[in-house]
Amino acid sequence: MNNPCYFGEFGGQFVPEFLYPALKELEGIFEEVKKDTVFQREFHRLLDDYAGRPTPLYYAKRTSEFIGCKVYFKREDLLNGGSHKINNALGQILMAKLMGKKRIVTETAAGMHGVAATMAASVAGLTCDVFMGIKDIERQKLNAEKIKILGGNVIPVARGNGILKDAVSEAMVAWIRDLPNTHYLIGSAIGPYPFPAIVAYFQKIIGVEARVQILDKEGKLPKVVIACGSGGSNALGIFQAFLSETDVELTFVEGKEAAGFKNGSKGIFQGAKNYVLQDEFGMDKKTTSRAAGLNYPARGPQLSYLVESGRVKTFAASNNEVLNAFKMMGKLEGLLPALETCHAIVELFKRKGKYKPDDVVILNFSGRGDKDL
Ligand SMILES: *Cc1c(COP(=O)(O)O)cnc(C)c1O
């Protein structure tokens with residue numbers, strides 16, 4: 001199939017008919033901005049001078065000694081806002097401006113995307129309504145407060161389980177109610193086309209930088225790239241630069257208590273065909289990951305495709321393993337990773353002694369963990 005809506009059999013636009021014009025408008029703008037040099041210059045100016053790119057590729061010396069090979073961290077935690085989310089938020093805000101939108105609606109779980117979207121909205125002078133599950137507001141108080149201070153509105157979502165997927169549904173409804181004025185700034189590589197493609201496009205800067213940096217530091221490509229995720233925005237962000245290098249092993253780590261790959265199956269969820277945790281009736285199942293940002297039942301279409309085709313291998317980390325990795329990273333490296341990022345770290349720790357001393361592993365350090373304290 002050569003339909004851009006699909007990655008293999010995954011993706012598509014499973015939405016009510018009246019949404020097609022809005023998706024078409026987005027598609028049109030997306031094709032334009034890829035070629036628009038003024039847009040690109042402004043996007044990269046904000047990435048560099050506002051967000052803080054390029055992020056360092058850090059040689060983690062003590063972790064390297066512990067694992068027995070060369071371990072590098074791609075430091076997305078150093079970005080303004082504390083995670084990779086700002087890359088996508090800035091790109092989509094500039095698209096929203098081009099479309100003449102005045103208002104952003106979005107969803108957030110750990111609050112990292114809500115913070116990033118609000119920051120970007122304030123940079124561009126747009127208003128921002130952030131839908132957040134009541135359970136997530138409770139456990140990610142710091143980010144909920146930040147969103148308000150940065151000029152956004154936190155809108156509590158009580159329906160369903162009061163978590164990320166419920167917030168996604170509510171944000172979609174808010175978007176549909178006011179299409180002419182509103183852009184839905186989706187936070188991960190999920191939803192109907194072109195959303196997953198747009199998010200992956202704005203996040204690919206992570207891998208573009210990492211590839212140049214590792215060639216500069218080591219003179220060779222990594223043996224393994226490890227990333228955590230749910231929808232897959234930070235993982236695709238770094239993986240894209242290595243997709244065609246079949247010797248580079250791409251490793252994706254999800255939450256064991258929200259294991260859309262390990263325990264899920266193919267199904268339609270929130271506008272696209274994905275891997276999703278579902279029951280026999282096609283209803284999504286309850287997830288209980290402690291990492292709010294990974295507590296989502298579906299995996300995005302491109303990631304689903306890459307896993308199905310065998311290019312990306314998947315693993316799962318449990319809540320307990322994640323908390324142990326969190327504590328260990330503080331002592332080992334003086335770093336405070338997000339609980340989401342700790343999933344990737346768990347998988348790295350499990351590979352202690354498995355590699356040769358000269359092998360290079362890059363771990364995408366997706367965010368910082370102040371929010372989780
Ligand atoms: C949101 C988030 C994730 C998971 O989202 P993906 O779209 O799958 O990358 C991972 N790490 C951090 C720090 C996050 O904020």
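As the structure lists them, so they are numbered: ligands from 1, and atoms in each ligand from 1. No hydrogens, no waters, no symmetry mates; every other heavy atom, side chains included, goes into these values. All values reported here derive from a predicted model rather than from experimental measurement.
Looking at Glu254 and Lys262, no side-chain N of the basic residue comes within less than 4.0 Å of a carboxylate O on the acidic one, giving no salt bridge.
The side-chain tip of Lys70 does not point at the ring of Tyr72 from less than 6.0 angstrom away and within 45° of straight on. Tyr58 does not carry Lys74 over the face of its six-membered ring by the limits of under 6.0 Å from the centre and within 45° of the normal. Judged by the 6.0 Å distance and 45° axis criteria, Arg351 is positioned over the aromatic ring of Phe315.
In terms of polar-atom proximity, Ser188 is counted as a contact of ligand 1, with an N or O under 3.5 Å from an N or O of the ligand. Between Ala189 and ligand 1, no N or O atom pair is found at a separation short of 3.5 Å. Looking at Glu340 next to ligand 1, no N or O pair under 3.5 Å apart turns up.
Residue contacts with ligand 1, taken as heavy atom pairs separated by less than 4.0 Å, involve Ser230 via backbone and side-chain atoms alike. For His84, every heavy-atom contact with ligand 1 shorter than 4.0 Å involves the side chain, none the backbone.
Among protein heavy atoms, atom 11 (N) of ligand 1 sits closest to Ser366 OG, 2.8 Å. In this structure, atom 3 (C) of ligand 1 lies nearest to the protein heavy atom Lys85 NZ, 3.6 Å.
Within the 3.5 Å criterion, the main-chain N or O of Lys85 finds a donor-acceptor partner in the side chain of Ser83.
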